[in-house]
Amino acid sequence: MKQKSVCFDTETDGLNALHANIVGVSFSFKKREAFYVAIPNNREDATSILNEFKPFFESESIEKVAHNLKFDTKIINQYGIEVSAPTFDTMIAHYLINPDSKHGMDVLAERFLSYKPVSIVELIGKKGKNQKKMSDLTPEEISDYACEDADITFQLKEIFEPQIQKEHLKELFYNMEMPLVDVLKSMEQEGITIDDEGLKKYSIDLGETLAELEQKIKREAGIDFNIDSPKQLGDVLFDHLELSTKAKKTKTGQYATGEDILQKLKHKHVIIPMILEYRQLRKLKNTYVDPLPDLMDETDGRIHTSYMQTVAATGRLSSNKPNLQNIPIRSEKGKEIRKSFISRGKDFQLMAADYSQIELRIIAALSQDKNMIDAFKNGHDIHSATAAKVFNVNLEDVTREERSSAKAVNFGIIYGQSAFGLAQNLGISRKEAKQIIDSYFEQYPTIKDYMDGMVKSAREKGYVETIMKRRRYLKDINSANAVVRGFAERNAVNAPIQGSAADVIKLAMIGVHGAMKEQNLKSKMLLQVHDELVFDVHKDEIETLKTLVKNEMESAVELVVPLDVEIEVADNWLDAH
DNA sequence: CCCCTCACG
DNA sequence: ACGTACGTGAGGGGC
C-alpha cells in the first residue's frame, strides 16, 4: 500500500523562524493541485485555526513533505504543534542526490520541472525598506504563489523519491538526515547563553588597543592610509616602504598581504608585528565581540544559530547567522570570546564532548592499515607514534619538533597534500618534505594503497562515498587539465574521510538526542562543531549525561579502531576543553 | 558582487 | 612549465 503523503509550505511575515508570524499554509497531495489556507494576523485566532491541522502535522502515518522542512517546523512549533515523523524534505533529498549543486526550490523547479516559479520579488518587491511583508498582502495575492510552492514540492518529491531508492541513499536519507532535522531544530530553538556584558567591556578594551596600534602603524608608515584595505596596505609595505623586492601578488594583481606573507617579513620592520596584531584584534572585534551581543534573541537573551544541512558537499553541517562553528580558541585574545559562552543559569554548566582524532581513526579503518590501527588500539598518541615510525626513533624519544612534523603530515595526508605543501607548512625544503612523506608511506603502506584506490575508483565510477554511502560526484576526475584534475583527486581522498566523520557525529547526535528525550533530562544539546558536541548540563545530571554521551558517541558506528571521546564540564565553553 | 583575509574543524 | 591541503562563514574594501 502506498503511504499517504502531503506537501505543505508555510508563508510568514519574516525569516526569523523563532518569531515570524504565520500568514498562511499551502497544501498539495496531487500534481498540479494545491490549496491555500489564510491564517489571521492574531496569535489566538491563528492558533485555533492551526489546531484544526494538528492531527495532520502530528500524524504518525501521513508523510509530511516540505522543501526546507526545518524552517516550516519551527514556525508550526510556535503554535504548540509538532511536525511528527514520517517526513520528507525535498531540499535534503536533492542534497544527497547531488551535494555539490544548489538546492533552492526555484533552481530545482527550472531544472527538473522546466518551470519558472513566480519569484518572491514579484510578490513583495526587492530587498530594502520598500519591501512588503507577506502580511501586507491579501490572501488572494498570496494564494497562487503559496500553492505553486506546495505543488512544486509535490512534483519534486515524485522525482527525488525514486532516485533516493535507486541510488542506495534510503538508509542515509530516512535514518540519518531526516531524523537529524528534528535534532538540529531543537538545538537551534534552545540557543546558547553568552555573557554580553563581558563582551561589551572587552570591546572597549580592544577598541582602545586598536586605536593606539592604528596611530603607531601610521607613524611608522609615514603616511595616512586605511589599514583595513589589503590593497592600500600592500602598496604601503612594498612600494612605499619597499620591504621586499619580490613581493607576491594575488591573481588580481595586487600585493598579497596574508598572514603567512607577513610572518616572513616580521623581522624586516617593526610595522609588521604591529599590523599582525592590528589584524588579529580587528578581526576579533568586528567578527565576534561586537556582533554577538546584537544577535541575542530579545525574548530569551540567547544566541540561536542556524545549522545548514545542505551546504557542505562532504556531508558536514555548516552554521550561520551567526556562525558558531568558528568561535576563536587558538589565540589568547580569542580565548576571551569563547569564555563568554556560558550555561543558562546557576543550576547548569557547559559540557563539551570531543571525538579524539576522528578523521585519522577513519582513515585507519577505511585503509585497514595495520600499523595505524595498532597505534590506535594501543591508545598511543597518534602524532608521536607516527613520529617514532617516520623518524625511526623510540616512542619515548620523540622530540617536540618531530611530533609536530608528524602531526603536519598526518593532517596533510587527509587533504592529499604534496611535498611542496608540506615544505611550505613546515618551513623546510621540498627535498626534506619529500623524504618525510616517503618515509610516512613506507611505515603506513596500506594508506598509500587506499589513497590511490580512492582515486582509481573515482575515475571509474565518477564518485566516491562515505561509510554511510553518502556520495560525492567528481566531474573533473578525468580532466585533461592537471590542476583541475588535481583538485578532484584530492577530493577523492578527502571527501570519504571528512564525510565519514560527518556521518559518525550525525548518527551520534540522533542517538544522544533520542536517549536524552527518553530519560526526560533537563540538560540540552546546544552546539555541534564537526567533531564536538556542546551541552547545557543540569548539575544533577552531570554523571548521567557524561556516561550517556560517551557511550552514544563512541558506539555510533562499529569500526576496526576504537572511537574515543573526551568530555569536560565547566562554567564556560573555553574551560570545558 | 567579487576579492582578500582570517576565524574554526 | 605549472600549481600546489580539505571543508566552511563573515567582514571590509573597492568597483
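Letters A, B, ... mirror the listed sequences (proteins, then strands); counts begin at 1. Worth saying up front: this structure is predicted, and the values here are computed from it rather than measured.
- Among the atoms of the strands shown, none is found under 4.0 Å from any heavy atom of Val493(A).
- Across all strands, Gln232(A) comes closer than 4.0 Å only to sugar-phosphate atoms, never to a base (heavy-atom distances).
- The side chain of Ser418(A) has dT4(C) as its nearest neighbour among dG9(C), dT4(C), dG7(C).
- If you check the side chains of Gln280(A) and Glu259(A), you find no donor sitting under 3.5 Å from an acceptor.
- The separation between Gln417(A) atom CD and dC6(C) atom P is 10 Å, rounded to whole Å.
- Under 3.5 Å, the side chains of Arg279(A) and Thr257(A) contain a donor-acceptor pair of N or O atoms.
- The shortest distance between side-chain heavy atoms of Val390(A) and Glu402(A) does not fall below 4.5 Å.
- Annotation: proximity of residues 257-289 of chain A to DNA chain C (heavy atom, distance under 4.0 Å) is found for Lys283(A), Asn286(A), Thr287(A), numbered in ascending order.
- By the 4.5 Å heavy-atom criterion applied to side chains, Tyr288(A) and Ile327(A) are counted as neighbours.
- Of the P atoms belonging to dT4(C) and dC3(B), the separation is 15 Å, rounded to the nearest Å.
- Comparing dC4(B) with dG3(C), their P atoms are spaced 15 Å from each other, to the whole Å.
- Side-chain atoms of His67(A) come within 3.5 Å of backbone N or O of His103(A) as a donor-acceptor pair.
- In this structure, Asn326(A) reaches the bases: a heavy-atom distance under 4.0 Å links it to at least one base atom across the strands shown.
- Here the shortest heavy-atom pairing between Ala408(A) and Asn425(A) reads CB-ND2, 4.1 Å.
- The aromatic rings of Tyr255(A) and Phe238(A) lie tilted to each other, with the angle between the two planes from 30° to 60°.
- Counting any heavy atom pair closer than 4.0 Å across all strands shown, Ile327(A) reaches sugar-phosphate atoms only and no base atom.
- Using a 4.5 Å cut-off on side-chain heavy atoms (C-beta onward), Phe225(A) and Leu233(A) make contact.
- Between the C1' atom of dG11(C) and the CG atom of Asn320(A) lies a distance of 15 Å, rounded to the nearest Å.
- Side chain of Pro291(A), nearest nucleotide from dG13(C), dG11(C), dG7(C): dG11(C).
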Discussion item. Counting Watson-Crick and G-U wobble pairs with both distances under 3.5 Å, what is the dot-bracket string for DNA chain C, 5' to 3', using [ ] for crossing pairs and | for pairs to another strand?
Written reply: .....|||||||||.
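- Within 4.0 Å (heavy atoms only), Leu317(A) reaches no atom of the nucleic acid at all.
- The distance between atom CG of Leu292(A) and atom C1' of dG9(C), rounded to the nearest whole Å, is 13 Å.
- Heavy atoms of Phe487(A) sit under 4.0 angstrom from primed sugar atoms or phosphate atoms, though from no base atom.
- Across all strands, Ala313(A) comes closer than 4.0 Å only to sugar-phosphate atoms, never to a base (heavy-atom distances).
- Residue Tyr415(A) contributes atom OH, which lies 10 Å from atom P of dG7(C) at whole-angstrom precision.
- Atom pair Asp294(A):CG and dA10(C):P shows a separation of 15 Å (rounding to whole Å applied).
- Arg485(A) comes within contact range of no nucleotide atom at all, as no heavy-atom separation falls under 4.0 Å.
- Ranking dC15(C), dC6(C), dA10(C) by closeness to the Lys321(A) side chain, first place goes to dA10(C).
- Under the 3.5 Å distance criterion, with hydrogens and angles disregarded, a donor-acceptor pair is assigned to the side chains of Asn572(A) and Asp575(A).
- As judged by a 4.0 angstrom heavy-atom cut-off over every strand, Ala501(A) is placed among residues making no nucleic acid contact.
- Not one side-chain nitrogen or oxygen of Asn491(A) sits closer than 4.0 Å to the OP1 or OP2 atom of dA5(C).
- A side-chain donor from one of Ser319(A) and Thr305(A) sits under 3.5 Å from a side-chain acceptor of the other.
- Atom CG of Leu426(A) is separated from atom P of dT4(C) by 18 Å (rounded to the nearest Å).
- Shown here is Lys200(A), whose NZ atom has more than 12 heavy atoms of other residues, nucleotides or ligands within 6.0 Å.
- Between Tyr444(A) and Tyr440(A), the ring planes are perpendicular. Angles over 60° get that label, and only those under 30° would be called parallel.
- A sub-4.0 Å separation between OP1 or OP2 of dC6(C) and a side-chain N or O of Arg490(A) is present.
- Side-chain atoms of Val311(A) lie closest to dT8(C) of the nucleotides dC15(C), dG13(C), dT8(C).
- Nucleic acid contact for Gln424(A): none, since no nucleic acid atom lies under 4.0 Å from a heavy atom of the residue.
- Taking 4.0 Å as the cutoff to heavy atoms of chain A, we find the contact window on DNA chain B bounded by dC3(B) to dG9(B).
- Contact check for Asp564(A) versus Tyr355(A): no side-chain heavy atoms found under the 4.5 Å cut-off.
- As rounded to whole Å, 13 Å separates atom C1' of dG12(C) from atom CG of Leu233(A).
- We find that OH of Tyr255(A) is positioned 21 Å from P of dG13(C), with the value rounded to whole Å.
- Checked for salt-bridge contact, Lys506(A) and Glu177(A) meet the test: a charged N lies under 4.0 Å from a carboxylate O.
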